[in-house]
Colleague: 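Here it is, the structure, as structure tokens.
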Amino acid sequence: MAVKPRFRKDAVAADEKHPVDETLPPLKMFTTGLQHVAAMYAGVVAPPMIIGPAVGLDAKETAFLMGASLFTAGIATLLQTLGFWKIGAKLPFVNGVSFAGVTPMIAIGKGQGDDALPIIFGAVIVAGVIGFVLAPYFCKLVRFFPPVVTGTVITLIGVSLLPVAFNWSQGGNAKAPDYGSMTNIGMAALTLVIVLALRKLLRGFLRQIAILLGLVAGTLIAIPVGITNFDAIKSAEVVGFPTPFHFGAPQFEIAAIISMCIVMLVCMTESTADMLALGKIVGRPADEKVIEGGLRADTLGSAISPLFNGFMASAFAQNVGLVAMTKVRSRYVVATGGGILILLGLCPVAASVIALVPLPVLGGAGIVLFGTVAASGIQTLATAALEKGENTLIVAASVGVGLIPIAAPGFYHAFPEDMLVVLDSGISTGCVVAIALNLAFNHFGKQESSDEDEGSAGGGEITKPEIPDQIPATTH
């Protein structure tokens with residue numbers, strides 16, 4: 001009697017599509033795509049909500065900036081999931097505005113007036129083009145960006161953004177008479193408690209959008225308190241297009257470009273880590289070719305985004321966790337989410353609704369949002385074998401240097417103004433120090449060591465913990 005061949009349970013027959021390439025029924029495709037949008041929505045609109053007021057935009061223009069970010073995040077996601085030529089990882093991979101660039105972009109725009117956004121956009125375009133050219137080579141340099149480097153940088157991103165949440169919690173405008181009032185801080189505290197309670201009590205999809213639900217609840221409570229501003233939504237149109245170069249033609253300044261190129265390296269490193277993790281989750285390991293295509297999509301999306309008033313695009317880690325939790329591995333589901341993002345970007349009213357959220361409410365949620373980014377970095381550092389070699393020293397020095405602009409804002413006041421664009425960003429300086437020290441201690445002039453030490457000290461492949469269910473946040 002013939003014996004039937006045995007296959008692994010998760011094997012895919014040669015004549016069947018891999019789950020990554022499957023299409024689902026339209027309704028399921030839409031609802032699961034919408035779930036991805038809900039999980040990353042707060043992460044997409046948060047950076048423009050920070051950058052807009054920081055460069056002097058009013059509520060209406062900030063809402064426009066948020067709509068543009070949604071639109072460009074959708075374009076970047078389609079590039080990543082559907083792809084063409086050698087562009088795109090073709091995995092269920094969501095792209096959005098990177099948190100890594102927020103602090104450096106605020107530093108770039110400081111004191112620039114109406115030129116702030118054109119200078120930022122010009123720097124992002126150049127960084128995106130350079131990143132696109134470097135993508136095939138960057139894949140081969142992954143070993144120089146082990147967890148001791150990436151974990152340090154991600155931690156600094158979260159810590160650098162926390163002061164923004166604290167400022168929001170007080171009202172956002174230090175010159176306002178109610179800045180730091182008990183009402184503002186009380187609303188921030190209440191929102192924080194609501195988010196934490198929802199995170200504890202809810203399950204499944206609702207748990208994934210706990211921050212979004214917390215923002216809604218906080219905003220509704222804030223209406224009778226009298227701190228909700230309806231100006232942006234009153235003047236918003238139902239349909240609109242993010243006019244190219246709405247804030248002016250891009251300008252190219254060398255110091256700003258250098259700063260954003262550093263941010264681009266951080267984003268490429270983070271995206272590589274996400275692709276490695278996602279490849280394992282969906283059963284299609286991310287090899288060098290996949291990573292190269294994914295990085296090309298990231299960098300091309302970043303170069304295109306400023307044309308439509310968007311910022312640097314990068315991977316969204318929370319959506320990797322969502323794929324792991326739902327077991328829905330189709331890249332077309334995420335592509336549907338990208339289409340939804342584009343439609344939201346074409347509807348200014350949708351972006352304006354987010355502008356209704358009072359800053360104290362946003363500050364309460366921001367403490368969790370940005371704190372989760374820092375916690376993600378700490379989690380990455382937990383895999384960095386800090387007990388080996390000089391890894392603890394690398395982290396200590398990098399975090400110490402990275403915290404200087406936060407703890408002592410005027411520390412570099414005597415330095416040339418062009419250098420301040422980089423030095424005033426703790427993320428950029430911390431990243432440079434981490435890379436340099438990792439090279440010095442773990443690569444250049446390294447003495448012969450065992451294979452175990454070699455892998456754990458800093459030269460190993462980037463790995464990223466697989467978190468099936470985490471609060472929406474990203475360095476992205």
Side-chain angles (χ1 to χ4, degrees), residues 19-48 66-85 87-98 128 205 208-209 212 239-242 267 270-271 274-275 278 281-282 284 290 293-323 326 328-348 350-351 354 472 474 476:
V20 169
D21 298 318
E22 286 182 343
T23 55
L24 306 181
L27 180 59
K28 188 174 183 180
M29 188 87 77
F30 176 79
T31 55
T32 48
L34 184 62
Q35 182 172 244
H36 275 283
V37 172
M40 54 99 74
Y41 193 91
V44 174
V45 299
M66 289 188 289
S69 294
L70 291 168
F71 181 79
T72 54
I75 292 176
T77 298
L78 292 179
L79 285 174
Q80 196 64 263
T81 52
L82 302 181
F84 66 95
W85 185 55
I87 296 170
K90 297 181 181 177
L91 292 172
F93 200 47
V94 175
N95 275 43
V97 183
S98 173
F205 171 58
Q208 285 287 328
I209 59 171
L212 197 59
V239 178
F241 185 78
C267 291
E270 176 67 7
S271 290
D274 283 320
M275 280 184 271
L278 184 60
I281 290 171
V282 301
R284 180 182 279 180
V290 170
L295 293 179
R296 279 198 173 112
D298 267 9
T299 52
L300 179 60
S302 296
I304 292 174
S305 288
L307 305 181
F308 301 99
N309 314 287
F311 301 107
M312 193 170 288
S314 183
F316 266 44
Q318 64 268 32
N319 293 82
V320 175
L322 189 58
V323 171
T326 62
V328 178
R329 295 182 277 177
S330 171
R331 61 190 172 102
Y332 295 106
V333 164
V334 176
T336 301
I340 294 172
L341 286 170
I342 290 176
L343 291 177
L344 288 173
L346 295 175
C347 181
I354 300 299
T474 177
H476 343 71

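Owing to the predicted nature of the structure, the values given are computational and were not obtained by experimental measurement. When a residue number appears, it is its place in the shown sequence, counting from 1.
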Colleague: Of all heavy-atom pairs between Val37 and Gly337, which one has the smallest distance, and what is that distance?
Modeller: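 Taking every non-hydrogen atom into account, CG2-O, 3.4 Å.
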Colleague: Does Ser330 reach the main-chain N or O of Glu22 with its side chain, forming a donor-acceptor pair under 3.5 Å?
Modeller: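 Side chain of Ser330 to backbone of Glu22: a pair is present.
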Colleague: What are the two closest heavy atoms between Gly128 and Ser302, and how far apart are they?
Modeller: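 Looking at all heavy atoms of both residues, the shortest contact is CA-CB, 4.3 Å.
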Colleague: Quick one: closest heavy-atom pair of Ala335 and Leu82, and the distance?
Modeller: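 Taking every non-hydrogen atom into account, CB-CD2, 3.9 Å.
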Colleague: Report yes if some heavy atom in the side chain of Ser271 is under 4.5 Å from a heavy atom in the side chain of Leu295; otherwise report no.
Modeller: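 Sidechains of Leu295 and Ser271: in contact.
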Colleague: Distance from Leu344 atom CG to Phe71 atom CZ, nearest 0.5 Å?
Modeller: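 Answer rounded to 0.5 Å: 12.0 Å.
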Colleague: Would you mind listing every salt bridge (charged side-chain N to carboxylate O under 4.0 Å, His left out) that reaches into residues 71-80, with sequence neighbours excluded?
Modeller: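 Applying salt bridge (charged side-chain N to carboxylate O under 4.0 Å, His left out) to every pair that reaches into residues 71-80, excluding sequence neighbours, yields nothing.
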Colleague: Val97 versus Ser314: any side-chain heavy-atom pair under 4.5 Å?
Modeller: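 In short, these two side chains do not touch, never coming nearer than 4.5 Å.
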Colleague: Give a yes or no answer on whether the side chain of Gln80 reaches the backbone of Ala89 with a donor-acceptor pair at less than 3.5 Å.
Modeller: yes
Colleague: Of Ile342, Leu341, Asn95, which meets side chain to side chain contact (heavy atoms under 4.5 Å, CB included) against Leu78?
Modeller: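 Exactly one option meets the side chain to side chain contact (heavy atoms under 4.5 Å, CB included) with Leu78, and it is Ile342.
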Colleague: Give, for atom CZ of Arg296 and atom CD1 of Ile87, the distance between the pair rounded to the nearest 0.5 Å.
Modeller: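 Those atoms lie 7.0 Å apart.
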Colleague: Does any N or O in the side chain of Thr77 come within less than 3.5 Å of the main-chain N or O of Val94, such that one atom is a donor and the other an acceptor?
Modeller: no
Colleague: Name the atoms and distances for all side-chain donor-acceptor pairs under 3.5 Å in residues 303-313, with sequence neighbours left out.
Modeller:
residue, atom, partner, partner atom, Å
Ser305, OG, Gly301, O, 2.7
Ser305, OG, Phe311, O, 3.4
Asn309, OD1, His246, N, 3.0
Asn309, ND2, Thr243, O, 2.6

Colleague: Taking all atoms of both residues into account, what is the closest heavy-atom pair of Phe93 and Val334, and its distance?
Modeller: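 In this case the closest contact between Phe93 and Val334 is O-CG1, 3.8 Å.
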Colleague: Less than 4.5 Å apart, side chain to side chain, heavy atoms only: is that true for Leu24 and Thr336?
Modeller: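 No. Closest side-chain heavy atoms not under 4.5 Å.
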Colleague: If the test is salt bridge (Lys or Arg N to Asp or Glu O under 4.0 Å), which one of Arg284, Arg329, Lys90 qualifies with Asp21?
Modeller: Arg284
Colleague: Roughly how far, to the nearest 0.5 Å, is CG of Leu300 from CZ of Phe84?
Modeller: 6.0 Å
Colleague: Within the structure provided, determine whether Leu91 and Val290 are in side-chain contact (heavy-atom separation under 4.5 Å).
Modeller: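 Yes; the side chains approach each other to less than 4.5 Å.
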Colleague: Would you check if Pro92 and Thr81 make a side-chain contact, meaning some heavy-atom pair closer than 4.5 Å?
Modeller: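 A side-chain contact is absent here, since even the closest heavy-atom pair is not under 4.5 Å.
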